[in-house]
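Let me begin by presenting the structure, written as structure tokens, before commenting on it.
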Amino acid sequence: MLLLFLLAAAQTDTVRYTVSFPNAAHHEARVVAEFPAAGRDTLEIWMSRSSPGRYALHEFAKNVYDVAVTDPAGRALPVIRHDPYRWLVVGRGRPVRFAYTLFGDRGDGTYSQIDPTHAHLNMPATFAWASGLAARPVVVRFRVPVGSGWRVATQLVPTSDPLTWAAPDLAYFMDSPAELSDFRIRSWTLVAPGGRTDTIRIALHHQGTDAELDAFADATRKVVAEQVAIFGEAARFDHHLYTFLADYLPWASRDGMEHRNSTVLTASGSLARDADPLLRTLSHEFFHSWNMERIRSAEIEPFDLTRADPSRALWFREGFTSYYDRLAIRRAGLLSDSAYAAALANVVNDVVLSPGRRFSSPMDMSLEAPFVDAASAIDPTNQPNTFLSYYTWGAGIGLGLDLAIRGRFEGKSLDGFMRMMWERFGRPVRRYAVRRPYTVADLERTLGAYTRDPAFARDFFERYVRGRDVPDYAGLLAQAGMRVRPAHPGAAFAGPLSLAADSGGTTVSSPVIAGTPLYAAGVEQGDRLDTVGGTPVGSDAEWAALLARHAPGDELPLAFHQRGREVHATLRLVPDPRIEVIPMELAGETPSESQRAFRDAWLGRRS
Ligand SMILES: [Zn+2]
């Protein structure tokens with residue numbers, strides 16, 4: 001009976017969870033965790049403080065209560081709440097049963113949402129785990145409400161029971177969100193050059209129509225094909241299966257969260273209304289199946305669930321992914337050249353005009369993530385003047401690097417660099433495992449190897465990654481027959497401003513940006529704006545009309561109240577610094593043959 005013995009041993013080795021939903025209307029789940037003997041007197045049980053793919057602390061223990069700790073026979077065991085996130089159980093080396101109620105009502109990529117329509121479960125937000133057992137296999141059984149029709153969509157490993165799922169260890173389990181609902185499925189197969197096949201599927205829980213899902217799946221298929229063409233293959237999913245777990249529901253919150261073989265896509269909107277931005281998030285998260293999940297920063301491998309997981313590489317991990325999410329949609333033919341150029345202009349304006357660049361490089365800005373990535377605290381920050389998102393800045397670096405490589409190295413591009421990163425660091429050699437986590441120094445070395453010009457790589461990193469320069473976008477985009485020119489020639493500019501009017505007057509409701517005329521005049525968010533140029537300004541429209549009557553160089557007397565004091569100042573208008581990017585042909589010019597070829601190689605279809 002050796003086989004039976006081995007099976008029994010394997011079973012007693014396993015961490016088992018059972019989750020049921022006896023009070024879904026009030027957003028509660030009941031979770032029972034059964035931890036095998038850990039070989040130590042005291043078992044340390046955690047609720048995670050962070051979640052894979054997120055960078056801030058989320059403190060999931062705040063929604064855990066009604067805790068009951070027993071041995072397998074149901075006898076109570078002594079337990080100490082050691083700190084806000086840890087329970088210490090004196091189990092004397094025996095198995096421990098840890099049961100609790102979980103509250104969850106946020107449907108996004110970090111948290112869990114339980115209600116009569118679904119259980120949207122992010123594992124760190126849902127399941128307690130025990131120190132010392134991270135390498136043990138995990139089995140979870142979902143007890144769905146009777147008559148709910150709920151099925152399970154997840155990257156967890158299936159078993160013979162459709163409601164029981166497995167994971168090889170804690171890290172994979174925590175990386176594997178599950179959607180329990182009556183969702184709709186669309187799927188298709190990718191065939192790689194060597195014959196390998198992978199299935200992509202969308203599991204969508206929404207209130208829209210099947211026709212909307214069909215159209216979305218069709219667009220997804222095209223975008224996925226363009227991304228696969230960049231790397232030459234799909235990201236070698238561990239079970240030849242990748243799942244988009246989408247919840248587009250009025251009670252969900254807008255988010256996207258990448259995982260190794262799946263991604264969570266959530267939004268309060270619908271496919272009928274928001275298909276374009278929802279497709280962009282989808283494109284972003286799928287690109288992460290290479291650039292994040294497998295081309296993986298050493299800073300997050302392994303991911304630490306007990307603290308924030310900071311990184312200096314988010315300009316690459318998130319920023320280059322942002323560059324490619326829209327580029328893949330453009331290459332799929334779902335965005336025109338002019339719409340793509342307009343989006344590039346937004347990136348260039350945000351990067352060039354950001355006052356945040358005064359203080360930090362993209363590497364240092366990456367370290368701000370725990371303060372901005374779904375992080376919340378009650379004290380105000382000066383982030384509008386000190387922070388430039390690593391998504392935006394990184395997308396700007398990606399754009400600059402792609403165009404610089406294309407202009408300088410015949411037949412090469414950022415696509416080729418990404419593929420070399422995939423081959424050197426990403427392409428898995430074992431199931432569930434990262435091949436070789438990279439460092440920022442590895443990125444620079446690989447760029448030098450790919451271009452065969454280490455001096456170029458060193459200079460680029462020195463100026464744009466460790467430094468705070470911005471590439472010459474006008475010169476780089478001209479190669480593709482795209483013109484960079486003032487978006488509002490001759491217009492006067494005072495800085496971004498939003499106004500809120502009520503019976504007490506007109507209040508500045510937006511942050512005032514450093515380096516703008518409004519900032520120089522001493523105006524601050526919350527000030528009451530009395531008169532500009534001698535006349536009251538009661539709305540954003542009146543403010544815009546007033547600016548339109550003036551020219552750069554005009555000086556306007558300004559009267560406002562700041563913290564109860566009356567202030568008189570002078571507003572000195574400047575030329576509007578914002579640029580636009582437009583294809584030359586729309587500016588009445590004819591692109592040359594080489595400009596056309598450059599643009600086609602960059603933006604044309606690959607798949
Ligand atoms: Zn991302």
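For reference, positions follow the sequence shown, starting with 1. Start at 1 and go down the list; that is how both ligands and their atoms are numbered.
Not one N or O on the side chain of Asn63 forms a donor-acceptor pair closer than 3.5 Å with the backbone of Gly104. The main-chain N or O of Ser607 is found under 3.5 Å from a side-chain atom of Glu226 such that the two form a donor-acceptor pair. Of the possible polar contacts, none joining the Asp255 side chain to the Asp108 backbone as a donor-acceptor pair under 3.5 Å is found. Between the side chain of Arg296 and the backbone N or O of Met292 there is at least one donor-acceptor pair closer than 3.5 Å.
The salt bridge (Lys or Arg N to Asp or Glu O under 4.0 Å) test applied to Arg273 returns no partner, not counting sequence neighbours.
Looking at Asp373 and Arg54, a side-chain N of the basic residue comes within less than 4.0 Å of a carboxylate O on the acidic one, giving a salt bridge.
By the criterion of a separation under 2.8 Å, the protein N/O/S atoms near the Zn ion (ligand 1) amount to His284 NE2, His288 NE2, Glu318 OE1.
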